[in-house]
Amino acid sequence: MEIRVIHLGLIKTNCYLISSEKAAVVIDPGFKSEIPAQFLNENAEKERLILITHAHFDHIGGADELRKLTGVKIGIGAKDAESLSDPEINLSNKFHAGVEPFCADILFNDGDEFTVGDIPFKVILTPGHTVGEVCYLSGDNLFSGDTLFKGSVGRTDFPGGETRTLLRSVKKLITLPGNTKVYPGHGDFTTIAEEKNNNMFAW
Ligand SMILES: [Zn+2]
């Protein structure tokens with residue numbers, strides 16, 4: 001399994017392009033870009049999916065167009081799904097992002113497991129940054145959205161955010177094996193062991 005990151009938009013959202021022999025997955029296409037579309041179209045013979053960690057404008061802004069250009073379905077945590085069509089809650093209005101309301105095709109709940117081609121994923125519900133953010137665990141790779149960053153955690157001052165809830169979610173992630181690689185929604189990659197030792201929000 002190969003994991004590529006591209007940085008999208010002014011606030012540099014990490015958009016992940018994951019490929020294997022039988023699968024191609026895009027996580028958090030936050031802004032319109034030709035690269036994820038090209039990636040999915042080049043892998044048209046494989047099983048494909050677009051995954052969203054949470055419904056904030058900088059993680060969802062390119063998703064609907066990407067689906068139109070590729071025919072690939074969009075999955076998101078069930079509790080964040082309604083926010084895709086609410087520009088107040090997804091912050092599109094606040095940041096003048098112009099994200100048109102849209103709906104996802106697949107809704108995930110905590111603990112759900114699914115496979116794209118030969119890549120297994122497990123859904124971990126991690127509310128606190130938004131009401132229904134989810135992280136995606138694939139083997140020893142965790143796509144942690146805006147829940148857990150290298151040395152930090154997501155903001156809790158946006159609609160649906162709550163600090164105590166977020167810290168509980170972070171503690172849940174920290175129980176994963178130390179060698180789990182963490183691919184956050186912004187900033188550098190890290191590991192669970194590194195965060196256990198250095199991230200004061202995980203203590
Ligand atoms: Zn966010």
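Just follow the structure's listing: the first ligand is 1, and inside any ligand the first atom is 1.
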### Query
Around the Zn ion (ligand 1), how many protein N/O/S atoms fall inside 2.8 Å?
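For the Zn ion (ligand 1), the figure is 4.
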
#### Entry: Partner set under ring-ring contact (aromatic ring centres under 6.0 Å, His included) for F57, not counting sequence neighbours
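Here the qualifying residues are F95.
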
### Query
Between the main-chain N or O of I89 and the side-chain N or O of D86, is there a donor-acceptor pair closer than 3.5 Å?
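Such a contact is found between D86 side chain and I89 backbone.
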
### Query
Between the main-chain N or O of T191 and the side-chain N or O of K150, is there a donor-acceptor pair closer than 3.5 Å?
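No, K150 side chain to T191 backbone: no donor-acceptor pair under 3.5 Å.
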
### Query
Should the pair K79-D110 be classified as a salt bridge under the 4.0 Å nitrogen-to-oxygen rule?
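Answer for the salt bridge query: no.
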
#### Entry: NZ/NE/NH1/NH2 to OD/OE distance under 4.0 Å, K12 and D58
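Salt bridge: no.
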
### Message
Rounded at 0.5 Å granularity, tell me how far CH2 in W203 sits from CD in E195.
### Response
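One gets 10.5 Å once the value is rounded to the nearest 0.5 Å.
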
